[in-house]
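Here is the structure we will look at, set down as structure tokens.
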Amino acid sequence: MNRVDDTYRKSMHPAREISIGTFRIGGHQPLVLIAGPCVIESEAHAFMMAERLAEIAAHARMPLVFKASYDKANRSSSNLFAARG
């Protein structure tokens, strides 16, 4: 092992586990896919993205956390869908 590898190994800290209800992430839990669009452009778009990501995660046998922003200042139109926060 070289000096760089040894320094990197010593700086590693075990990942902390976090619980959200009965859902646990981090620590020794399996890897979780956190994905979604940067901005929800419409309700239909959000459901389409969530369904496709769920298919991808299921195929990879990986838990999924769907995450998207509902309100962005840089939207292409002020008339676009805005979900409740």
What pairs of residues pass the salt bridge (charged side-chain N to carboxylate O under 4.0 Å, His left out) test when at least one of them lies in residues 26-35, not counting sequence neighbours? none

Test: salt bridge (charged side-chain N to carboxylate O under 4.0 Å, His left out). Region: residues 25-39. Which pairs qualify, not counting sequence neighbours? none

Looking only at heavy atoms, which two atoms of R24 and Q29 are closest? And how far apart? NH2-NE2, 3.1 Å

Minimum heavy-atom distance P63-L31, with the two atoms named: CD-O, 3.4 Å

Is M62 reachable from L64 through a run of I, L, V, M, F, W or Y residues, each pair having side-chain heavy atoms under 4.5 Å apart? yes

Transitively linked via ILVMFWY side-chain contacts under 4.5 Å: I25 with L33? no

State, yes or no, whether a side-chain contact exists between V65 and I20 at a heavy-atom distance under 4.5 Å. no

Please output the side-chain donor-acceptor pairs of residues 45-56 that fall under 3.5 Å, not counting sequence neighbours, one pair per line with the distance.
| residue | atom | partner | partner atom | Å |
| --- | --- | --- | --- | --- |
| R52 | NH1 | E55 | OE1 | 3.1 |

